Amino acid sequence: MAAAMSPAVGPHNVFVYGSLMADEVVHVLLTRVPPSSPALLPNFHRFSVKGRVYPAILPVENKTVSGKVIKGLTDDELVILDNFEDVEYVRTSVEISLLDTSEKMVAETYIWSNADDPDLYGEWDFEEWQRSHMKDFLAMTKGFMDVLGEPDSTQTRVETYESFYYKEDSSSDV
């Protein structure tokens, strides 16, 4: 599980570009919505992932990913995000630009762990995700947090996602 990543001493700033741009998702995970600012990550691309409703980013020259930086996370909150992002992502330090001040800063972000993944395609759209997938994703996230809070729980977020989205129709394409 991604929790094996040992966090540096907080506070932490994390650049988010997918489902974590929704304050509702962040609140379910952290029980608060930390301050944030709109930001850009240069030389990366945000892909859609076949069979998933959330995106992946990978380095791609001359591309830019828009998102936001969540500021002031505690060590424990960073561990929760590591668990949520699970084995599909690797937490990495990147340089971002804040949109409101043009200031550059270093933040952590989650990069797709398989750079050669054949399931990556196109460009993921946050507004489309909000309209089509956010309600179910919030329910899945609440289920993940319930499982995470259980003593001796070993279920990963990927397993929670797959059991939630594929429980009724294993052939559905989400």
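Predicted model only: the values in this text are computed from it and were never measured.
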(request) Look at the side chain of Ser113 and the backbone N and O of Val87, then say whether any donor-acceptor pair between them is shorter than 3.5 Å. (result) yes
(request) Could you tell me whether the side chain of Thr92 and the main chain of Thr109 form a donor-acceptor pair under 3.5 Å? (result) no
(request) Look at the side-chain heavy atoms of Ile, Leu, Val, Met, Phe, Trp and Tyr, link any pair under 4.5 Å apart, and say whether Leu99 and Val14 land in one connected group. (result) no
(request) Taking side-chain contact (heavy atoms from CB on, under 4.5 Å) as the test, write out the residues that go with Lys135, two or more places apart. (result) none
(request) Give a yes or no answer on whether the side chain of Asn43 reaches the backbone of Glu61 with a donor-acceptor pair at less than 3.5 Å. (result) no
(request) State which residues pass side chain to side chain donor-acceptor pair (under 3.5 Å) with Ser97; sequence neighbours excluded, sorted by chain then number. (result) Lys104
(message) Distance check, rounded to the nearest 0.5 Å: Asn114 atom CG versus Leu120 atom CG?
(response) 7.0 Å
(message) Let me check something: do Leu29 and Val147 share a hydrophobic cluster, defined by ILVMFWY side-chain heavy atoms less than 4.5 Å apart, either directly or through other members?
(response) no
(message) Between Tyr110 and Phe84, is the side chain to side chain contact (heavy atoms under 4.5 Å, CB included) condition met? List the steps.
(response) CA-CA 11 Å; Tyr110 294 91; Phe84 186 69; over 6 Å; no
(request) Check whether any side-chain heavy atom of Val53 lies under 4.5 Å from a side-chain heavy atom of Asp136, and answer yes or no. (result) no
(message) Would a single hydrophobic cluster contain both Val94 and Val60, if residues Ile, Leu, Val, Met, Phe, Trp and Tyr are joined by side-chain heavy-atom contacts under 4.5 Å?
(response) yes
(message) For Ser19 versus Pro55, what's the shortest heavy-atom pair and its separation?
(response) N-CD, 4.5 Å
(request) For the residue pair Val90 and Glu85, establish whether any side-chain heavy-atom pair is separated by less than 4.5 Å. (result) no
(request) Kindly determine whether Asn83 and Val79 satisfy side chain to side chain contact (heavy atoms under 4.5 Å, CB included), including the steps that lead there. (result) CA-CA 6 Å; Asn83 281 311; Val79 168; 3.7 Å; yes
(message) I need the full list of ring-ring contact (aromatic ring centres under 6.0 Å, His included) pairs touching residues 14-46, with sequence neighbours left out, sorted by first then second residue.
(response) His45-Phe47
(request) With sequence neighbours excluded, tell me which residues meet side chain to side chain donor-acceptor pair (under 3.5 Å) with Asp117. (result) Trp112
(request) Please name all residues satisfying side-chain contact (heavy atoms from CB on, under 4.5 Å) with Ser66, sequence neighbours left out, ordered by chain then number. (result) Leu40, Arg46
(request) Can you sort out the partners of Ser102 under side-chain contact (heavy atoms from CB on, under 4.5 Å), two or more places apart, ordered by chain and number? (result) none
(request) Verify side chain to side chain contact (heavy atoms under 4.5 Å, CB included) between Val16 and Leu81, making sure each step is shown before the conclusion. (result) CA-CA 11 Å; Val16 297; Leu81 294 185; 5.6 Å; no
(message) Give me the atom names and distance for the closest heavy-atom approach of Val69 to Ile96.
(response) CB-CD1, 3.6 Å
(request) Sequence neighbours left out, what pairs pass salt bridge (Lys or Arg N to Asp or Glu O under 4.0 Å) with at least one residue falling in residues 23-37? (result) Asp23-Lys68, Arg32-Glu77
(request) Would you list the pairs meeting salt bridge (Lys or Arg N to Asp or Glu O under 4.0 Å) in which at least one residue belongs to residues 122-133, sequence neighbours left out? (result) Glu128-Arg131
(message) I'd like to check the side chain to side chain donor-acceptor pair (under 3.5 Å) partners of Lys71; sequence neighbours left out, ordered by chain and number.
(response) Ser37
(request) Please identify each residue that fulfils side chain to side chain donor-acceptor pair (under 3.5 Å) with Trp129, with sequence neighbours left out. (result) none
Using residues 138-146 as the side-chain source, report each donor-acceptor pair under 3.5 Å to any protein atom, sequence neighbours left out, with the distance given to one decimal.
| from | atom 1 | to | atom 2 | distance (Å) |
| --- | --- | --- | --- | --- |
| Thr141 | OG1 | Phe137 | O | 2.8 |

(request) Measure the CG-CD1 distance between Leu41 and Ile111 for me, rounded to the nearest 0.5 Å. (result) 7.5 Å
(request) With rounding to the nearest 0.5 Å, note down the distance linking OG1 in Thr74 to CG in Leu30. (result) 7.5 Å
(request) Could you pull out the closest heavy-atom pair between Gly72 and Pro11, with the gap in Å? (result) CA-CB, 3.8 Å
(request) Not counting sequence neighbours, which residues clear salt bridge (charged side-chain N to carboxylate O under 4.0 Å, His left out) with Glu108? List them please. (result) Arg91
(request) First locate atom NE2 of His12, then atom CD1 of Ile70, and finally report the distance between them rounded to the nearest 0.5 Å. (result) 13.0 Å
